[in-house]
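In each ligand, atom 1 is the first atom listed, and ligand 1 is the first ligand listed.
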Amino acid sequence: MSLLRTDGLTKQFGGLVAVDEVSFEVDSGETRAVIGPNGAGKSTLINCITGALEPTAGTVEFDGEDITGLSPHETVQAGISKSFQTASIFPEMTVRENVEIAALASEHGSFSVDFLKRLSGFDAVHDTTDRMLESVELLGDGDVEAASLPYGDKRRLEIAIALASEPELLLMDEPTAGMSPDETAATVELVEELQDTLDLTILIVEHDMEIIFQIADRILVLNRGQVIADGTPEQVQESEEVQEAYLGGVEL
Ligand SMILES: Nc1ncnc2c1ncn2[C@@H]1O[C@H](COP(=O)(O)OP(=O)(O)OP(=O)(O)O)[C@@H](O)[C@H]1O
Ligand SMILES: [Mg+2]
């Protein structure tokens, strides 16, 4: 069953059509990848789904509801969450506080940090926080200041922050960017585990073909804003258009 569906989704920046009539579906429970050369429109597509950008045309449907043009906060409440590459962590707060604040914000909108210090009554928030920290294997680091985590653990914390709203669909835009090979391998393993333990549907943008072919059930290929292939890793690999788009670039 399809959880997310776009129909003719289009985003123009002035004369540039960054996302050009993209129609695709994400099924419940699958790991769906979006690939394509630099500037293909991958991030713009993701941002039109989260509501960070308003589409110029087309629709986004989630769980059978039209969510086109909703604000980022509204799409979070609908069940969509995005793991941000930067700036989502409060470095001076502990690991646990970072996830708690995200869990609360998803329910109540933004609020002051002082409010967090009077949190003792929020059992549900504590439970969610524990579960999400456990799912990214940071439960033992709950009281550590976020700033002091090694890079790979910071990225895991960002994923826990994204999970704090208990999404059905997790969007990830190049989650392994800047990671060492070891950290990349650990993150890939984590993504695969998350899908099992949390029953998540994942939409992931990733440059590393090896990773994509390892984790994706289906791959959407964009080039200059348009869909040039959509199918299983095997189908995409055989597509001539895909091979041309990547000519001289990434080897499939
Ligand atoms: N806010 C913006 N204003 C104007 N043009 C933009 C904006 N955001 C993206 N673009 C342009 O839209 C096109 C698609 O950009 P986008 O960031 O979606 O590509 P991408 O596939 O994510 O690329 P990358 O692999 O480099 O992350 C590019 O030509 C980019 O310069
Ligand atoms: Mg991008």
- Message: Please check whether A40 reaches ligand 1 - meaning an N/O of the residue sits under 3.5 Å from an N/O of the ligand, judged on distance alone.
- Response: yes
- Query: Hey, is L16 touching ligand 1 through its side chain, its backbone, both or neither, going by heavy atoms under 4.0 Å?
  - Reply: side chain
- State whether R96 and E100 are salt-bridged, where the test is any N-O pair (Lys NZ or Arg NE/NH1/NH2 against Asp/Glu carboxylate O) under 4.0 Å. yes
- Query: Strictly by modelled atom types, are D182 and S180 linked by a side-chain donor-acceptor pair under 3.5 Å?
  - Reply: no
- Query: Is any N or O atom of G39, backbone or side chain, closer than 3.5 Å to an N or O atom of ligand 1?
  - Reply: yes
- Contact atoms of ligand 1, heavy-atom distance to E174 under 4.0 Å: 25 (O), 27 (O)
- Do you know which of L220, V236, N223 makes side chain to side chain contact (heavy atoms under 4.5 Å, CB included) with I228? N223
- Task: State plainly whether the residues K11 and D20 are in salt-bridge range, i.e. N to O under 4.0 Å.
- Result: no
- Query: Is there a donor in the side chain of E74 and an acceptor in the side chain of S71, or the other way round, less than 3.5 Å apart?
  - Reply: yes
- Heavy-atom protein neighbour under 4.0 angstrom from atom 31 (O) of ligand 1: no
- Note on the structure: heavy-atom search around atom 25 (O) of ligand 1 in the protein gives K42 NZ, 2.7 Å
- Message: I'd like to know if E134 and R131 make a salt bridge, using a cut-off of under 4.0 Å between side-chain N and carboxylate O.
- Response: no
- Item | Nearest-contact summary for atom 17 (O) of ligand 1 - protein heavy atom, Å | S43 CB, 3.9 Å
- If you scan protein heavy atoms around atom 9 (C) of ligand 1, the nearest is F13 CE1, 3.6 Å
- Linking I/L/V/M/F/W/Y whenever any side-chain heavy atoms sit under 4.5 Å apart, do L222 and I202 land together? no
- Message: What protein heavy atom lies closest to atom 26 (O) of ligand 1? Include the residue and the distance to one decimal.
- Response: N38 OD1, 3.4 Å
- May I ask you to check whether over 12 heavy atoms, not counting those of R224, lie within 6.0 Å of atom CZ? no
- Enumerate the residue pairs fulfilling side chain to side chain donor-acceptor pair (under 3.5 Å) with a member in residues 184-202, sequence neighbours excluded, ordered by first and then second residue. T31-Q195
- Message: Does either side chain, that of T94 or that of D143, offer a donor lying less than 3.5 Å from an acceptor on the other one?
- Response: no
- Message: Using only atom types and a distance under 3.5 Å, with no angle test, would you say the side chain of R32 pairs donor to acceptor with the backbone of E25?
- Response: yes
- Task: May I ask you to list the protein N, O or S atoms found at less than 2.8 Å from the Mg ion (ligand 2)?
- Result: S43 OG
- Protein residue, atom and distance nearest to atom 18 (O) of ligand 1, heavy-atom basis: T44 OG1, 2.5 Å
- Message: Could you tell me if the side chain of R156 sits less than 4.5 Å from the side chain of E137, heavy atoms only?
- Response: yes
- Item | Contact check: G41 vs ligand 1, nitrogen or oxygen atoms, below 3.5 angstrom | yes
- Note on the structure: Taking only non-hydrogen atoms of H207 and a 4.0 Å limit, the atoms of ligand 1 in range are 25 (O)
